Amino acid sequence: MILKRSDCFEQYAQCIKRKRRSNVNYSKTLSRHTASLKVLHADEVGCSRCLSARAQERRLIARELHDELGQQLTALLQGLGVLRIKLERDRPELGPLIRDLVSISHSAITATRDISVGIPTGSLRRALVPALHQLIEDFRRQSGIDCRLDLPIQEINLEPHRSAHLYRIVQESLTNVLRHAEASRVAIILERRENDYVLEIADDGKGFALHDTRPDSSGLSGMRERGRQLGGPVIIFSHPGHGTIVQAILPITLSRKP
């Protein structure tokens with residue numbers, strides 16, 4: 001079949017129109033993607049600035065810790081030294097208690113210095129399991145409270161910073177038991193459930209009404225923030241007269257964002 005010249009021109013014109021429509025559609029798609037990339041870039045810049053501000057704030061807090069708290073702890077240690085000399089002469093039965101307090105003060109000074117320069121504190125230089133055992137042993141000795149620790153048989157595979165957050169949740173929970181709970185027993189259980197670890201710290205103390213706590217309570221809000229860093233929630237169950245349970249649920253591995 002032989003096409004007329006007019007037909008060829010008509011087909012060519014139709015082809016040009018289709019290409020133009022295609023180009024317009026492509027331009028619109030490209031514009032949408034470009035706008036999306038600009039939004040993502042703005043978000044990344046905002047996150048970067050936020051992280052930078054938080055890092056600067058941490059450095060300032062660390063410096064204040066080193067300067068102010070470090071000086072006060074040093075003065076406390078010196079006072080304990082004088083008290084130790086006097087009590088070992090007049091009240092020798094108090095000698096072991098004073099020596100424990102001196103040891104705790106030394107550890108606090110070392111931890112303050114370590115935090116100020118951004119290195120792990122003494123307990124967290126070791127693996128998580130021995131650090132938890134040492135924490136429980138110290139708690140039993142200082143409080144006289146029966147404390148039980150149950151860990152999974154399998155090896156606990158957490159990144160160092162997540163191990164540190166888990167350790168701090170246990171530490172803060174035990175501090176709250178010692179300060180407020182009037183408990184006689186504490187049970188700490190860490191178990192693996194499918195793709196998660198579940199941590200529970202339960203005491204038989206006096207409990208409290210959750211609505212009576214301040215929303216900005218530094219201890220509770222700090223544990224919840226550590227839970228977010230671990231990748232899951234920290235939930236607190238308590239009722240007056242029925243003890244308290246602190247539960248943290250964390251994925252064994254954090255999903256990486258593309």
Side-chain angles (χ1 to χ4, degrees), residues 47 51 120-143 145-258:
C47 290
L51 290 173
T121 56
S123 299
L124 296 177
R125 291 194 188 99
R126 296 171 292 177
L128 176 62
V129 170
L132 286 174
H133 279 293
Q134 185 62 53
L135 177 65
I136 302 310
E137 182 180 331
D138 292 343
F139 176 79
R140 289 194 193 109
R141 186 181 69 254
Q142 294 167 15
S143 67
I145 297 173
D146 179 30
C147 187
R148 178 171 58 89
L149 175 66
D150 287 339
L151 298 174
I153 298 174
Q154 308 97 320
E155 183 180 359
I156 301 173
N157 294 314
L158 289 174
E159 302 90 331
H161 72 281
R162 298 179 75 216
S163 293
H165 286 305
L166 189 147
Y167 175 91
R168 294 302 186 195
I169 289 174
V170 177
Q171 186 182 49
E172 179 65 28
S173 298
L174 292 179
T175 298
N176 290 337
V177 170
L178 193 57
R179 288 178 178 172
H180 309 296
E182 299 178 8
S184 60
R185 290 190 302 274
V186 182
I188 301 168
I189 302 171
L190 178 64
E191 60 181 353
R192 181 169 178 167
R193 299 180 187 172
E194 296 182 352
N195 297 320
D196 295 323
Y197 285 120
V198 179
L199 170 69
E200 288 189 353
I201 305 103
D203 68 68
D204 64 349
K206 62 183 182 180
F208 61 94
L210 290 171
H211 58 76
D212 288 341
T213 61
R214 300 193 314 273
D216 60 345
S217 171
S218 59
L220 300 182
S221 62
M223 283 195 285
R224 292 190 179 103
E225 174 59 29
R226 292 189 184 280
R228 283 191 286 271
Q229 296 296 324
L230 285 166
V234 171
I235 309 166
I236 298 167
F237 306 91
S238 190
H239 191 271
H242 294 277
T244 300
I245 298 175
V246 176
Q247 184 185 76
I249 303 171
L250 53 143
I252 294 174
T253 56
L254 284 176
S255 58
R256 298 185 178 275
K257 296 180 180 181

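Only a predicted model underlies this, so the values are computations on that prediction, with no experimental measurement involved. These numbers come from the heavy atoms of this one structure, side chains and all, not from hydrogens, waters or symmetry mates.
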Return yes when atom [atom1] of [X] has more than 12 non-hydrogen atoms of other residues, nucleotides or ligands closer than 6.0 Å, and no otherwise.
X    : atom1 : answer
R185 : CZ    : no
R141 : CZ    : yes
N195 : CG    : no

Heavy-atom pair with the smallest gap, counting every atom of [X] and [Y]:
X    : Y    : result
P251 : R162 : O-NH2, 2.5 Å
S163 : L128 : O-CD1, 3.7 Å
S238 : G243 : OG-O, 3.1 Å
I169 : M223 : O-SD, 3.8 Å
F139 : L174 : CE1-O, 3.5 Å

To the closest 0.5 Å, what do you measure between [atom1] ([X]) and [atom2] ([Y])?
X    : Y    : atom1 : atom2 : answer
D196 : L250 : CG    : CG    : 7.0 Å
R226 : H161 : CZ    : NE2   : 11.5 Å
N157 : Y197 : CG    : OH    : 5.0 Å
I188 : I136 : CD1   : CD1   : 3.0 Å
L149 : L190 : CG    : CG    : 8.5 Å
H165 : Q229 : NE2   : CD    : 4.5 Å

* To do: Indicate yes or no for a side-chain donor-acceptor contact from T244 to the backbone of D203 under 3.5 Å, with no hydrogens or angles considered.
  =>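 Looks like no, no N/O pair under 3.5 Å.
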Can you confirm whether [X] sits close enough to [Y] that some side-chain heavy atom of one is under 4.5 Å from a side-chain heavy atom of the other?
X    : Y    : answer
I249 : R193 : no
E191 : D150 : no
L158 : Y167 : no

Is E225 paired with R228 through a side-chain N to carboxylate O contact shorter than 4.0 Å?
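A salt bridge links R228 with E225.
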